[in-house]
Structures are given as structure tokens and as C-alpha cells.
Amino acid sequence: MAEIFLTGATGFVGRHLVPALIREGHHVWCLVRSVEKAAQLRARGCQVVVGDLTSDSFSVEGAEIVIHLAALHHGLPTLISRVTAEGTARLVQAAQAQGVKKILSLSTVTAAQNPSWPYAYAAWLAEQAIQASSVRYTILRSTVIVGPGDPFLGGIMYMAQAWPVVPIIGSGRTRFQPVSVFDIVRCVLQAITDERYTNRVLTVGGPEVLSYEQIVDTVFEALRISKRKISLPRRTTRFCVRWLERMGVRTPFVPGHFLSQDLIASSPSVIEDEFGFRPQALRAVLHAILSRCVTLEKSVA
Ligand SMILES: NC(=O)c1ccc[n+]([C@@H]2O[C@H](COP(=O)([O-])OP(=O)(O)OC[C@H]3O[C@@H](n4cnc5c(N)ncnc54)[C@H](OP(=O)(O)O)[C@@H]3O)[C@@H](O)[C@H]2O)c1
């Protein structure tokens, strides 16, 4: 059992990680921005620090391990940098000053020294800040993470169910290596307790490399539907989606749907090789999502 300080507990991965950490007997302190979300986490057995990575309004005192999930993927480049790059540097400084033994950070395979892609660059700067500190670390660079509540697969599932036609943005040939959030949680739990992963940057991904169009087809198969797919030009669609969102219209699109660059790890067997278990294929993840929906529907009925 460890004293853990967790950022990003209210996000997609955080919502799956929190119960797993509690189940393992860890004592979890979450950095949370809003009082309502703080109350939800308290109800789940966590302690809460209300604060923000962009200010010095938090302390990690007493924590042995920091698990860092908070990041901003889209929006204004300056804000992405303030949260993802500067926020991480601030967290690392606090961890170093307050005697934290280890930082585990969930980063992205897109992290790169490329200022023209704000999120990738901020993620790269965040990794640099962690690696330059004197605190031991593990950085997991992930491909797209899927599971109950994820906006990438969730967006495709929504369009497949609710729209008469399903858009394929660009060529549909951008390749992904979707990894289950349950497998990511397993990797995090292993990495925080096993010294084998200390001071390493590990790229993690699922067992299959699939094009965007193949992912849409797998969703159709899981939902047992068949719909017409239409090709939409990437730039124009992104422009329209941004414009709609600025007008307050919610869309099922997330930045991952517009990627032209492949989002894949170096090897599809990386989780098996490094963590010793076989990650779930996309069909199994879809099955888990759909059976959870059925259970929820039954409990509401
Ligand atoms: N999801 C993926 O497919 C994927 C793939 C590769 C890597 N990753 C990485 O995995 C990590 C977790 O991803 P995710 O999908 O769970 O992200 P997410 O759902 O977007 O959640 C982001 C989290 O960061 C918090 N946050 C944002 N700004 C903050 C600030 N200024 N101060 C404190 N907290 C702040 C959010 O809190 P609020 O609830 O208050 O907004 C939320 O808890 C991220 O580092 C991401 O880059 C994700």
C-alpha cells in the first residue's frame, strides 16, 4: 500500500484508475479543480486537494508516488502548454521538493519536439521535465486508449448508431493501435510497484494495428449494423467542427478522428513483452463497452 497523489482523476483514464488503486489498498489523494467533482471522488474513498496545475495551489506533501494523468489535448496552444508542459514542470518541482519517491506519467506516442503540434510538443516538454528531475520515474507513452467512456471510440459508436451515414475523415487510412483502458490501468499498477520499470520510457499499445476505416467497420460489426460511409475532407471538416463547437454545438468528434499521422507504438507486442500479459483486442473492448451499456439499461429499467 502506498500514499499516492493523482492528477487527472476526473478524466477518462482517471475514472478507471481510481477504483483500481483503492481496490489495491492504496491511499489516494486527488488533485481536482471543482468542488462537485471533489465530492464524487470523496464518495469513492479518495482524499481530495482542490487546486489547479496552472497555479501553485497544491502540495504533494506526504505522497510516496505521484501518478500524473492530467493534460490538455486540445484548445488554445498557450493553454495546452500552460497545463501540459508548465503544469507538469510545477508538479515535478513540488515532487522533488517534498521527497516523492517516484512519478508515473501517462504520456502519448505523439510526444515530439515539434512546436507546430502544440499537444505533442507540450507532452514532449512534460516528459523532459520529468526525466531531468532527481525523482525516479516511469513514463508510459500510449497509443489511443479505448474503453467505457472514451471519446474516440465513443464518438464513432455514437455516429454509427445515431447518424444515417458515418463520416470517414480524410483517406480513412490513418493507422491506430487502440489499447484498452483496463490494460493501461494494469500497466500503471504494475509500474508503480515494480522497480523493473524505474527510469524508463515505455511505449504501450494494443495488439492490433487498424486503419480508421477498419475501426469503423469493427464498430459496425460489434453493433451488428451496416451503414453507408462517406468520405469527408479533413481540413474542411475540422474547420466546420471547430466553428460549430465555438457556437456551443457539441459534436462527437475529437482530435484523434482528424489525425493524418499514424498513432502506433513501435511493436504490437510491447505490453506482452514488458508487462507479461496479452492486451485486449478491439472486439473485446467493444464487447465490454456494450455489455456495460446493457447492464446499465437493465439497472435503470
Ligand atoms: N485518452 C487517450 O486516448 C490517451 C492516449 C494517449 C495518452 N493519453 C494521456 O493520458 C492522460 C490521461 O488522458 P485522459 O484521456 O484521461 O484525459 P482527459 O479525459 O482529457 O482528462 C484530463 C484530466 O486532466 C485534468 N486537468 C485538465 N486541466 C487541468 C488543470 N489545469 N489542473 C489540473 N487538472 C487538469 C482534467 O480535470 P477536469 O475534470 O477538471 O477537466 C481531467 O481530469 C493524458 O496525459 C493524456 O495525454 C491519453
Side-chain angles (χ1 to χ4, degrees), residues 5-18 28-41 46 48-58 60 66-76 78-91 94 103-112 117-127 129-130 138-156 176-185 187-188 191 201-206 215 254-257 259 261 263-265 282 285:
F5 185 90
L6 173 65
T7 73
T10 54
F12 159 55
V13 179
R15 288 194 299 273
H16 289 276
L17 182 62
V18 163
V28 187
W29 291 82
C30 304
L31 177 69
V32 185
R33 292 194 290 173
S34 85
V35 177
E36 301 87 70
K37 289 181 181 176
Q40 289 165 15
L41 282 163
C46 300
V48 175
V49 178
V50 178
D52 194 303
L53 277 178
T54 59
S55 74
D56 290 319
S57 60
F58 64 91
V60 298
V66 167
I67 302 179
H68 181 37
L69 305 180
L72 202 61
H73 315 144
H74 56 283
L76 289 175
T78 46
L79 202 55
I80 291 176
S81 179
R82 271 184 66 203
V83 176
T84 310
E86 293 163 36
T88 302
R90 189 172 283 113
L91 180 70
I103 298 179
L104 181 137
S105 177
L106 187 56
S107 184
T108 162
V109 284
T110 59
W117 186 354
Y119 168 56
Y121 187 50
W124 179 81
L125 288 172
E127 290 185 356
I130 293 167
T138 303
I139 295 173
L140 298 180
R141 283 182 157 191
S142 180
T143 55
V144 67
I145 305 171
V146 292
D150 94 79
F152 176 83
L153 200 55
I156 297 175
F176 296 85
Q177 196 182 333
V179 60
S180 157
V181 69
F182 302 112
D183 292 333
I184 290 293
V185 166
C187 293
V188 170
V201 180
L202 294 151
T203 305
V204 286
I215 293 176
V254 290
H257 296 149
L259 276 184
Q261 181 187 313
L263 197 65
I264 50 179
L282 184 63
V285 179

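Read the numbers this way: they start at 1 and go in the same order the structure lists the ligands and their atoms.
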N/O separation below 3.5 Å, Ser142 to ligand 1
no
Any N/O pair Thr108/ligand 1 closer than 3.5 Å
no
So is there a nitrogen or oxygen of Val83 less than 3.5 Å from a nitrogen or oxygen in ligand 1?
no
Check: Leu72 N/O within less than 3.5 Å of ligand 1 N/O
no
Heavy-atom contacts with Val144 under 4.0 Å: which atoms of ligand 1 show up? List them by number with element.
3 (O)
Would you confirm whether Gln177, through its side chain, and Thr143, through its main-chain N or O, come within 3.5 Å as a donor-acceptor pair?
no
Taking N or O atoms only and a 3.5 Å limit, does Leu31 qualify as a polar contact for ligand 1?
no
Is it the case that the side chain of Thr7 and the backbone of Ala70 share a donor-acceptor pair, with hydrogens and angles ignored and the cut-off at 3.5 Å?
yes
Nearest non-hydrogen atom to atom 31 (N) of ligand 1 belongs to which of Leu263, Asp52, Thr10?
Asp52
For ligand 1, find out whether one of its N or O atoms is nearer than 3.5 Å to an N or O atom of Leu106.
yes
Can we call the ring centroids of Tyr119 and His74 under 6.0 Å apart?
no
Between Arg141 (side chain only) and Thr110 (backbone N and O only), is there a donor and an acceptor less than 3.5 Å apart?
no
My understanding is that we take every heavy atom of each candidate and find the minimum distance to atom 45 (O) of ligand 1. Doing that for Thr110, Val204, Leu69, which one comes out nearest?
Leu69
If you measure from each non-hydrogen atom of Arg141 to ligand 1, which part falls under 4.0 Å: side chain, backbone, both or neither?
neither
Would you indicate which of Arg82, His73, Arg15 comes nearest to atom 17 (O) of ligand 1 when only heavy atoms are counted?
His73
Logged contact type for Tyr119 with ligand 1, heavy-atom cut-off 4.0 Å, is side chain
Subset of ligand 1 atoms that lie under 4.0 Å from at least one heavy atom of Leu53
30 (C), 31 (N), 32 (N), 33 (C)
